[in-house]
Amino acid sequence: AVEAVGSGAAARLGAFSLSVLGPQRRYAEENDGSVVLWIEVGPKSVLLPGDIGRYGQHDLPPVRPDVLLVPHHGAATTDLVWLAESVGSLVVVSVGANSYGHPDPGVMDVISRSGADIAMTIEQGDVSIPLPGRD
């Protein structure tokens, strides 16, 4: 079954607690309507923000996950202040060869200055992150 979800929806899957943080509203920019998931498992948290850009990011509650998947492959549509406030201990940039300039140098500069560990799929291939509660 397919179900439309929005901000405030929640579910529990075994040890994983999932909360939908966005979209908060309808946006002119389609990417800002991406589903944004906050995941908690044990003491760890993960933010999966889809392809949201600056408008969707502004509408999110302030969070600092342990693991952040950088939105929209590190596109220049990322609000750099939001990004700096949202970087935890590990940042994942899911990006391959492209003609869009992803990841944006400004995005990578903010991430680099944060001191977080960085995992990039273009360099490492698949990224696997061990989380408590996984079998």
Side-chain angles (χ1 to χ4, degrees):
V2 176
E3 183 179 333
V5 297
S7 181
R12 184 147 189 95
L13 299 171
F16 294 83
S17 293
L18 298 98
S19 300
V20 179
L21 301 183
Q24 294 284 328
R25 57 185 171 92
R26 291 186 61 117
Y27 296 91
E29 174 56 48
E30 185 177 19
N31 284 342
D32 283 317
S34 294
V35 172
V36 178
L37 288 178
W38 177 261
I39 302 167
E40 294 178 330
V41 56
K44 297 288 185 184
S45 58
V46 179
L47 181 63
L48 303 176
D51 281 349
I52 62 169
R54 64 184 50 89
Y55 299 110
Q57 292 161 5
H58 285 194
D59 287 345
L60 292 177
V63 293
R64 187 176 289 272
D66 295 299
V67 180
L68 171 67
L69 175 63
V70 174
H72 200 166
H73 318 291
T77 57
T78 298
D79 179 277
L80 300 181
V81 172
W82 174 86
L83 180 61
E85 293 172 350
S86 302
V87 171
S89 58
L90 174 62
V91 174
V92 178
V93 182
S94 178
V95 65
N98 66 85
S99 60
Y100 299 104
H102 300 337
D104 178 73
V107 168
M108 293 309 298
D109 183 56
V110 167
I111 295 168
S112 294
R113 285 186 286 130
S114 75
D117 291 330
I118 303 169
M120 294 185 66
T121 58
I122 196 167
E123 297 169 354
Q124 296 171 237
D126 292 342
V127 174
S128 178
I129 301 166
L131 294 170
R134 281 184 64 193
D135 295 332

Is there side-chain contact between [X] and [Y], with heavy atoms separated by less than 4.5 Å?
| X | Y | result |
| --- | --- | --- |
| Asp117 | Ser89 | no |
| Val70 | Val107 | yes |
| Ile111 | Val93 | yes |
| Leu21 | Leu47 | yes |
| Val67 | Lys44 | no |
| Ser86 | Gln57 | no |
| Asn31 | His72 | yes |

Under 4.5 Å between side-chain heavy atoms, hopping through other hydrophobics if needed: is there a path connecting [X] to [Y]?
| X | Y | result |
| --- | --- | --- |
| Trp82 | Val91 | yes |
| Leu13 | Val20 | yes |
| Leu90 | Ile118 | no |
| Ile52 | Val63 | yes |
| Met120 | Val87 | yes |

- Task: Test side-chain contact (heavy atoms from CB on, under 4.5 Å) on Asp104 and Thr78 and set out the steps.
- Result: CA-CA 9 Å; Asp104 178 73; Thr78 298; over 6 Å; no

- Within 6.0 Å of OH in Tyr27, more than 12 heavy atoms from elsewhere: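 Yes.
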
- How about Arg26: does its CZ atom have over 12 heavy atoms from other parts shown lying under 6.0 Å from it?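 Counting neighbours around CZ of Arg26, 12 or fewer heavy atoms of other residues, nucleotides or ligands fall under 6.0 Å, so no.
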
Looking at every heavy atom in both [X] and [Y], which two are closest together, and how far apart are they?
| X | Y | answer |
| --- | --- | --- |
| Pro132 | Gly42 | CG-CA, 4.3 Å |
| Arg64 | Ser45 | O-OG, 4.3 Å |
| Ile122 | Gly96 | CD1-C, 3.6 Å |

- Item | Candidate pair Asp32 and Asp59, rule side-chain contact (heavy atoms from CB on, under 4.5 Å), full reasoning | CA-CA 10 Å; Asp32 283 317; Asp59 287 345; over 6 Å; no

- Item | Partner of Leu68 under side-chain contact (heavy atoms from CB on, under 4.5 Å), chosen from Val46, Leu83, Val92 |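 With Leu68 as partner, Val46, Leu83, Val92 yield a single side-chain contact (heavy atoms from CB on, under 4.5 Å), made by Leu83.
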
- Contacts of type side chain to side chain donor-acceptor pair (under 3.5 Å), residue Thr121, not counting sequence neighbours: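 Expected list: none.
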
- Task: Please determine, by modelled atom types, if Gln24 and Ser7 share a side-chain donor-acceptor pair under 3.5 angstrom.
- Result: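 Looking only at side-chain atoms, Ser7 and Gln24 do form a donor-acceptor pair, the distance falling under 3.5 Å.
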
- Query: Angle class for the His102/Tyr100 ring planes (parallel below 30°, perpendicular above 60°, tilted otherwise)?
  - Reply: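 Aromatic pair His102/Tyr100 classed parallel.
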
